[in-house]
Protein chains: 2
Amino acid sequence: MKIDPDNPAGLSVQIAEAIKEAIITGDLIVDERLPSESELADQFKVSRPTVREALKRLAAQSLIRTQRGATGGAFVNRLSFQDAYSQQITTSTLLLSMNAVSFDTACEARYALERACAPLSAQRRTPDQLATMRAEVFRQSQPGLTDEAFCDSDVAFHRALVDGAHNPVLSYQLAGAVEAMQPLMNMITFTARSREAITTLHSRIADALEEANGDAAVAGLKDLEAETRKLASDVFAARGTRSG
Amino acid sequence: MKIDPDNPAGLSVQIAEAIKEAIITGDLIVDERLPSESELADQFKVSRPTVREALKRLAAQSLIRTQRGATGGAFVNRLSFQDAYSQQITTSTLLLSMNAVSFDTACEARYALERACAPLSAQRRTPDQLATMRAEVFRQSQPGLTDEAFCDSDVAFHRALVDGAHNPVLSYQLAGAVEAMQPLMNMITFTARSREAITTLHSRIADALEEANGDAAVAGLKDLEAETRKLASDVFAARGTRSG
DNA sequence: CAGATTTCATTTGTCAGACATTTGAGGCTG
DNA sequence: CAGCCTCAAATGTCTGACAAATGAAATCTG
């Protein structure tokens, strides 16, 4: 772990990188305690605040956790799927909102990824997950639902579909894609008729998964993608030029 | 932006969350300059080092960038796809290495996601991307290649396939899945015969993309997945029980 | 001697003030 | 007008200090 005081990147950045590297390479293993801030400051020949800034960087990425008290200190954190989810969702949301990603592009990506899950989900979905989807379909058919509630239900439906694949890596990867779409979806006001079309397609997809028919589920998702994109293009067209 | 001094989470965490929220909701827009550290310290009624720790947390997530000098300060950063890539790769790599994700699970996820790209890539891949794939196939067929170089070439091949879909959101999502697999792939020593099988399948997939035949590309990827998993199970079986 | 209580050392969290370094802006000079 | 210089503003870093949390050891009590 060598630190160059003249490196323009900054001392705390270098220290953070060094520790991060040690974690990735396995030099520091999960739940291992790092030296105390004072000891690290001595080792790296810097002051304690500088070390602290480095540790904060790592804590922001859930790479370490800190604990106060006599036996406290910084510990290498086991990155949970839950932590990874939330990081991914934040990153994806910002990426989409800051880079003027078109609705079509995001939509295409989302449904392409979901179609990847569908065959697995058709084989493995639990009765519980199927029930969740049915319940969300029912909720979506209720009149008087706000747009926001409809979108929430939509996310819950798709989440159950993805989780049905029983592959945590897939679920993790898709969490970002599905959730990050929500702000874009919320820009759309759904008419009663368009809601009905979507709900019907959801129902069809649930049927396909119940019958363990992966191909039918994929086909249903394709139709749903087409419907969603058509709906969005209508909305954006009606609003005039501000579709960016 | 209210800060509770008694909140056990810590002041710097609360400040970081408050600013992050302001960025996500759009109260702070891209390239907008935040107040100086001293001003923030006054606003939040905390000391400057505390503000700094909060800013470092945000910088670690590429949410802000800092610049020294007279016109310097902290600016809201436009999260680039490049930044998002590297964050995703780090997160995915750690997630896989720290949670004992089985090779099968990771492999299944990776190929499921790639198959989602294949039909799009078949329609849109540029001649350049096709040439990259051909070049990597050629490189893989060279004798005397180290295992590591073979894996690198494998990643490059699949990267070209994914980028061929010309959907930056898909590329971003898959970067993590493909790259995070590399450490697991590197655990495998490839025999000459298994390399040949993989290279042949790569060639077949490139053919399918050249002919704009998405179905054939998907079929090729399915065979490749089967081959990879068979290969891995053989390797792990040969090594005895330590296949976790 | 066993268990409960108190004290204490360790470590992180926060603060205050200071100096070093970078860097653009404005003024000065030729 | 162009080039150089000075200066102010802001971040980066350091020193030293105190507060708060917390587990462990020492002490007290039955």
Side-chain angles (χ1 to χ4, degrees), chain A residues 1-20 22-23 28 31-77, chain B residues 1-20 22-23 28 31-77:
Chain A
M1 295 194 191
K2 284 289 171 61
I3 301 298
D4 173 17
D6 295 331
N7 190 313
L11 295 173
S12 68
V13 176
Q14 291 179 63
I15 294 170
E17 284 299 317
I19 297 175
K20 184 173 173 180
I23 293 174
L28 294 169
D31 291 335
E32 182 171 343
R33 185 180 172 284
L34 273 66
S36 74
E37 295 177 354
S38 310
E39 287 172 314
L40 285 173
D42 288 344
Q43 278 183 33
F44 287 117
K45 303 270 173 55
V46 297
S47 70
R48 205 181 133 218
T50 303
V51 167
R52 278 184 66 76
E53 286 188 4
L55 294 179
K56 291 308 147 195
R57 296 186 109 95
L58 299 174
Q61 298 175 286
S62 303
L63 282 164
I64 60 170
R65 62 178 185 280
T66 56
Q67 194 182 335
R68 280 165 68 160
T71 58
F75 297 83
V76 178
N77 200 24
Chain B
M1 293 194 191
K2 284 292 170 57
I3 302 298
D4 173 16
D6 295 332
N7 190 313
L11 296 175
S12 68
V13 176
Q14 290 178 65
I15 295 170
E17 284 299 317
I19 297 175
K20 183 172 171 180
I23 293 175
L28 294 170
D31 292 333
E32 185 171 340
R33 184 180 173 283
L34 273 67
S36 74
E37 295 177 354
S38 310
E39 287 172 317
L40 285 172
D42 288 343
Q43 278 183 33
F44 288 116
K45 303 270 173 54
V46 297
S47 70
R48 206 182 133 217
T50 304
V51 168
R52 279 184 65 77
E53 286 188 3
L55 293 179
K56 291 308 147 198
R57 297 185 108 95
L58 300 174
Q61 298 174 287
S62 304
L63 283 166
I64 61 169
R65 63 177 185 279
T66 57
Q67 192 182 334
R68 281 166 69 161
T71 60
F75 298 83
V76 178
N77 198 24

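Below, each value reflects all heavy atoms present in this structure, side chains not excepted, and no hydrogens, waters or symmetry copies. Every chain is numbered from 1, with letters handed out A, B, ... down the list of sequences. Quick caveat, the model's predicted, so the values are computed rather than measured.
- Note that CD1 of I19(A) is 10.0 Å distant from CG of L63(A), once rounded to the nearest 0.5 Å.
- Taking the side chain of S36(B) as heavy atoms from C-beta on, and the options dG13(C), dT11(D), dG24(C), the nearest nucleotide is dT11(D).
- Between the NZ atom of K56(B) and the C1' atom of dG13(C) there is a distance of 18 Å, rounded to whole Å.
- Side-chain N/O atoms of R48(B) and base N/O atoms of dG17(C) include no donor-acceptor pair closer than 3.5 Å.
- Summarising the geometry, the separation between CG on L58(B) and P on dT11(D) is reported as 14 Å, rounded to the nearest angstrom.
- Toward the 5′ end of DNA chain C lies the nearest nucleotide of T71(A), the other residue of the pair P49(A) and T71(A) mapping further downstream.
- Taking only distance into account, the side chain of R68(A) never meets the base of dG23(D) through a donor-acceptor pair shorter than 3.5 Å.
- Within the nucleic acid shown, R65(B) has no heavy atom closer than 4.0 Å to any nucleic acid atom.
- Interatomic distance, CD of E32(A) versus CZ of F75(A), reported as 10.5 Å (0.5 Å rounding).
- Closest to the side chain of V46(A), out of dC14(D), dT11(D), dG13(C), is dC14(D).
- In this structure, of dC14(D), dT12(C), dT23(C), it is dT23(C) that holds the atom nearest to the side chain of A70(B).
- Listed nucleotides dT12(C), dT15(D), dG12(D) differ in distance to R52(B); the shortest reach to its side chain belongs to dG12(D).
- A salt bridge does not link R48(A) to D42(A): none of the charged side-chain nitrogens sits closer than 4.0 Å to a carboxylate oxygen.
- The distance from the OG atom of S47(B) to the CZ atom of R52(B) is 11.0 Å, given to the nearest 0.5 Å.
- Taking only side-chain nitrogens and oxygens, T50(A) never comes nearer than 4.0 Å to OP1 or OP2 of dG12(D).
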